[in-house]
Number of protein chains: 2
Amino acid sequence: MNYKTKKLITIGIVCEMTGLSERQIRYYEERKLIFPERTKGGTRKYSFNDIESLMDIAEKMDDGMQTFEIKQLHNKNKASAREEMIKGQINARFGQNRAPLDQSDKRL
Amino acid sequence: MNYKTKKLITIGIVCEMTGLSERQIRYYEERKLIFPERTKGGTRKYSFNDIESLMDIAEKMDDGMQTFEIKQLHNKNKASAREEMIKGQINARFGQNRAPLDQSDKRL
DNA sequence: CGTGTAAGGAATTCTGACACG
DNA sequence: CGTGTAAGGAATTCTGACACG
């Protein structure tokens with residue numbers, strides 16, 4: 001929603017910032033690791049977050065990881081994040097340190 | 001120094017975001033209201049701050065202001081900012097609420 | 001699997017000029 | 001003054017394919 005998520009940057013700039021080749025960047029898209037948008041003409045547009053993702057991907061590739069492993073890892077991280085959020089919500093309602101219930105709930 | 005100041009965005013995207021034409025954007029550059037950078041090939045690159053400036057410029061143009069007036073106004077604002085900063089520095093040294101001087105200054 | 005490259009075309013941007021008002 | 005536009009060229013990006021390992 002802020003500047004980092006807006007897809008505005010062309011692939012040439014992304015190459016400069018990440019040190020990756022166009023070929024690499026397009027391939028990572030093909031492997032569903034990044035999701036640029038397109039102009040009406042079909043030119044790819046990336047966000048700052050995409051650039052950060054690509055730098056992270058580049059590092060993992062250097063470490064010998066494969067694209068599908070990187071995708072799995074990313075999906076697991078998303079799953080964990082969801083889980084933590086749910087835990088947080090449960091805790092807010094039923095945990096030890098929950099806020100006192102509203103009076104309207106004590107109607108019995 | 002942060003995302004908003006990085007010059008990465010091509011003129012087509014800037015047109016979309018500001019509603020201005022390429023002609024207008026280049027003209028405002030000619031009149032020294034904005035200062036895009038260039039790729040090696042010569043393509044202009046703009047920052048988020050440039051886009052915000054352009055939206056401000058567009059509004060002032062709508063109000064009937066001329067480019068040189070907008071530039072003057074901008075320069076005055078810069079001058080005021082400098083003045084305020086200097087005032088602040090003077091106040092920090094000689095004002096009522098200044099911090100006590102360092103011992104090393106009391107050598108007489 | 002991940003990446004380089006040559007190929008051909010399409011989208012994007014550039015400059016300098018003419019036009020209007 | 002501020003902006004539109006047609007013109008021609010140059011830079012940028014795109015896709016699909018072949019190659020190597």
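By convention in this document, chain letters (A, B, ...) are assigned in the order of the sequence lines, proteins followed by strands, and residues within each chain are numbered from 1. What's counted below: heavy atoms across the whole structure, side chains too, no hydrogens, waters or symmetry copies.
Side-chain proximity of A/Ile11 to the nucleotides C/dG2, D/dG2, D/dC14 is greatest for D/dC14. Listed nucleotides: D/dT3, C/dC14, D/dG2. Nearest to the side chain of B/Thr67: D/dG2. Of the candidate nucleotides C/dG2, D/dT15, C/dG4, C/dG4 has the atom nearest to the side chain of A/Arg23. When the nucleotides D/dG4, D/dG2, C/dT13 are ranked by their closest atom to the side chain of B/Arg31, D/dG2 comes out on top. Listed nucleotides C/dG2, D/dC14, D/dT3 differ in distance to A/Arg38; the shortest reach to its side chain belongs to D/dC14. Of all nucleotides listed (D/dG2, C/dG2, D/dT13), D/dT13 comes nearest to the side chain of A/Thr43.
Of the two residues near DNA chain C, A/Met65 and A/Gly41, the one whose nearest nucleotide lies more 5' is A/Met65. Between A/Gly12 and B/Tyr28, the residue whose closest nucleotide on DNA chain D is further toward the 5' end is B/Tyr28.
Rounded to an integer number of Å, the gap from CD1 of B/Ile57 to P of D/dT3 is 11 Å. Put simply, CD1 on A/Ile13 is 11 Å from P on C/dT13, counting in whole angstrom units. What separates CD of A/Glu59 from C1' of C/dG2 is a distance of 18 Å, to the nearest Å. As rounded to whole Å, 16 Å separates atom P of C/dT12 from atom OH of B/Tyr46. Rounded to whole angstrom, the span from the OH atom of A/Tyr27 across to the C1' atom of D/dG16 amounts to 16 Å. Straight-line distance from the CD1 atom of A/Ile25 to the C1' atom of C/dG2: 14 Å, rounded to whole Å. Here the P atom of nucleotide C/dG2 and the CG atom of A/Asp63 are 14 Å apart, to the nearest Å. Note: NZ (A/Lys45) to C1' (C/dT12) measures 13 Å, nearest angstrom.
The partner of C/dT3, taking Watson-Crick or G-U wobble pairs whose two distances both stay under 3.5 Å, is D/dA19. Nucleotide C/dG8 has D/dC14 as its partner under the Watson-Crick or G-U criteria, with both atom distances under 3.5 Å.
There is no path of hydrophobic side-chain contacts, each under 4.5 Å, that joins A/Phe48 to A/Phe35.
Checked by atom type and distance alone, the side chain of B/Asp63 never pairs as donor or acceptor with a backbone atom of B/Met65 at under 3.5 Å. Side-chain N or O atoms of B/Asp50 include one that pairs as donor or acceptor with a backbone N or O of B/Ser47 at under 3.5 Å. Side-chain atoms of A/Thr43 never come within 3.5 Å of backbone atoms of A/Thr39 as a donor-acceptor pair (strictly under, hydrogens ignored).
Note on A/Arg44: only backbone sugar-phosphate atoms sit closer than 4.0 angstrom, heavy atoms only; bases stay farther off.
For B/Thr10 and D/dT12, the shortest distance from a side-chain N or O to OP1 or OP2 is not below 4.0 Å.
A salt bridge is absent between B/Glu69 and B/Lys60: the closest approach of a Lys/Arg side-chain nitrogen to an acidic carboxylate oxygen does not fall below 4.0 angstrom.
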